[in-house]
Chemist: 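Below you'll find the structure I mean.
Please read all numbers here as calculations on a predicted model, not as lab measurements. Letters A, B, ... are given to chains in the order of the sequence lines, protein chains preceding strands, and every chain is numbered from 1.
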Protein chains: 2
Amino acid sequence: MAPPITPRAALYGQYILGARNRLLVAPAAPSLVSLYGAVPRLRNALVLGISQSGRSPDVVGVIEESRRQGALTAAITNDPSSELALAADHLIALEAGPELAVAATKTYLAEIAVLAMLSAALSGDEASEEQLRALPAALRASLETEAEVAKLAQARAGDGECAILARGFHYATAREWALKLKELAYVFADPYSAADFQHGPIALVHPGLSVLGVATTGPALSGMTEILNRVREGRARLLVLSDDAAVCRLGDGVLLPNVPEWLSPLVAIIPAQLFAYHLARARGLDTEAPRNISKVTRTL
Amino acid sequence: MAPPITPRAALYGQYILGARNRLLVAPAAPSLVSLYGAVPRLRNALVLGISQSGRSPDVVGVIEESRRQGALTAAITNDPSSELALAADHLIALEAGPELAVAATKTYLAEIAVLAMLSAALSGDEASEEQLRALPAALRASLETEAEVAKLAQARAGDGECAILARGFHYATAREWALKLKELAYVFADPYSAADFQHGPIALVHPGLSVLGVATTGPALSGMTEILNRVREGRARLLVLSDDAAVCRLGDGVLLPNVPEWLSPLVAIIPAQLFAYHLARARGLDTEAPRNISKVTRTL
């Protein structure tokens, strides 16, 4: 399956390049090109096209038009011979091996890893490079949560809907988690920036509602803890992914390995994706044959 | 209540200024400023701050920092004496009268109307000005759908969750409709770009699922019709807002007055908001006292 037209990885890219590199990042809204032929003026812009398969016609269209305007273009893709790779000035290959799963998981991780590396390279900061080198060990530790995550998923096999709360760097995590829960486990999973959630959708909270939270050490943690406490007061059933043991104890908790905040989406997404996988299995569903989805991409 | 930190009106602004004025529009991600003190370099940018109350500290923070950098700033707000109005170089007052409702409705309409007027003014196109002048009559016609909308809402009073599908200009409509359904009627309403929906979340479709669609005449209509047909084949219970009688007949339909596509979000949001209102009433809820929401804005 080709990735959705608005990859969640781009949300991470928007945040990390803004927070760490002070770049203004605009989503391309590919339908502006495909439906209206309206490409913004992109003088002096770097245009990144992200597509696991490299075959998303809308993403290819934006890159082609951007190059025509003289913008600098780069493709982030898992297929170095794809149309997207060939259309861009530069190729950043994911090198994740063939994506065999219907629901892409490892290529999401590879995409955000590439964006983190890009941010580090742009900053030229040696400390960031060192933090990146420590990442593989943290990812291995994150994979070791699987047995615990599987147990939590089995306990929630009956859940029909849930809200997912995160903020800042983890908004992308919430969106990716929600998508996997929807396409694999058919759970109505609604991802929120915690800031938006408290201004309206918090009305949805009622005793027993399943709420999933992602909250790791950094400037967003205190606000996240506050909203998770409010949700808990509303007697929602909370599951939290955190590298902070006290925050984990706000509900069912999965303790994440501690990494710098900008890299935390890489370690957090692993138990999140595993949770979706085990929830689907606990519900007797086939993760390689989701309802209504074919491997063939149809474009509207 | 202050508006959520990511106003849906900004999504309309992003689309209309992109499609009609070829401007690259980036969301400001206010938490970048409030949590990380990271403001992108905004040389030569116009920075628009949208806040009904003008009291959102995050939006005010972005405008203040942008002005410090020498960017051109404008406030779109309903309170001309608010902090936001005072912080910006220019004030575009909504002049909608005091927003008395807990869930802002008329100020959403006023915000997108102002963005449409801004787009028309930037293009300097006389035909657009004329189309704007015809708008009040169309809005009146849209208000006249209320009795019919109330009936449809009563028929769906038992709905627990729904997907809302739209594309292009109407993605903002879907987001605003979903928010109103959540905060007033406690419906798990999930808004989608129709393009994203078919790449995964379509797995959620099952017989009886409530699906709401917004599809008006323009380049997005044929793709929207195709996906609504697929949803219908999955035997979902479809409700469609459209200015096309044949598209309305794909499910329960509300016929919208015909206006140019770029103005269609203004006429479409009225029956959408009325539907949320009547659904809340049909469920015995008080639209002026939603659960867990206070009028006092708390910032994370």
Side-chain angles (χ1 to χ4, degrees), chain A residues 1-6 14-15 18-20 22-27 29 31-32 35-36 38-42 45 58 103 160-161 167-168 179 182-184 186 188 190 193-196 198-206 219-220 223-224 226-227 230 234 290-293 297-300, chain B residues 1-6 14-15 18-20 22-27 29 31-32 35-36 38-42 45 58 103 160-161 167-168 179 182-184 186 188 190 193-196 198-206 219-220 223-224 226-227 230 234 290-293 297-300:
Chain A
M1 190 182 64
I5 283 165
T6 309
Q14 190 179 326
Y15 212 82
R20 291 175 53 90
R22 294 193 61 208
L23 293 172
L24 185 66
V25 184
S31 67
L32 282 177
L35 297 182
Y36 299 93
V39 178
R41 288 174 290 264
L42 295 162
D58 283 354
E161 56 191 29
R167 211 184 172 198
L179 181 63
K182 285 168 179 173
E183 58 185 353
L184 298 181
Y186 311 157
F188 247 80
D190 216 351
S193 148
D196 289 345
Q198 69 166 1
H199 287 293
I202 197 167
L204 294 172
V205 172
H206 58 80
M224 274 302 300
E226 193 186 325
I227 193 129
R230 286 183 70 191
R291 190 166 60 187
N292 305 336
I293 300 180
T297 304
R298 298 166 24 129
T299 298
L300 290 176
Chain B
M1 190 180 65
I5 282 164
T6 311
Q14 191 180 325
Y15 213 81
R20 292 175 53 90
R22 294 193 60 208
L23 293 171
L24 185 66
V25 183
S31 67
L32 282 177
L35 297 181
Y36 299 92
V39 178
R41 290 175 289 265
L42 296 160
D58 283 355
E161 56 190 31
R167 210 184 173 199
L179 181 63
K182 285 168 178 171
E183 59 185 352
L184 298 180
Y186 310 158
F188 248 79
D190 217 350
S193 149
D196 289 345
Q198 72 167 0
H199 288 292
I202 197 165
L204 294 172
V205 172
H206 58 81
M224 275 301 302
E226 193 187 324
I227 191 128
R230 286 184 70 193
R291 191 166 59 187
N292 305 337
I293 300 179
T297 306
R298 296 164 29 125
T299 300
L300 291 176

Chemist: Which heavy-atom pair separates A:Lys182 from B:Ala203 by the least distance, and what is that distance?
Modeler: O-CB, 4.0 Å
Chemist: Which of the residues B:Ala220, B:Ala45, B:Gly160, B:Gly234 is involved in the greatest number of heavy-atom pairs with chain A at under 4.5 angstrom?
Modeler: B:Ala220
Chemist: Between B:Ile202 and A:Glu183, is there a side-chain heavy-atom distance shorter than 4.5 Å?
Modeler: no
Chemist: Can you tell me how far apart CD (B:Glu161) and CG (A:Leu204) are? Round to the nearest 0.5 Å.
Modeler: 11.5 Å
Chemist: What's the shortest heavy-atom distance between B:Val25 and A:Pro27, and which atoms?
Modeler: O-CD, 4.1 Å
Chemist: Taking the basic N atoms (NZ, or NE/NH1/NH2) and the acidic carboxylate oxygens, is any pair closer than 4.0 Å for A:Asp58 and B:Arg167?
Modeler: yes
Chemist: Measuring heavy-atom distances to chain A, does B:Phe188 have an atom under 4.5 Å in its side chain, in its backbone, in both, or in neither?
Modeler: both
Chemist: With a 4.5 Å cut-off on side-chain heavy atoms, are A:Ser31 and B:Pro219 touching?
Modeler: no
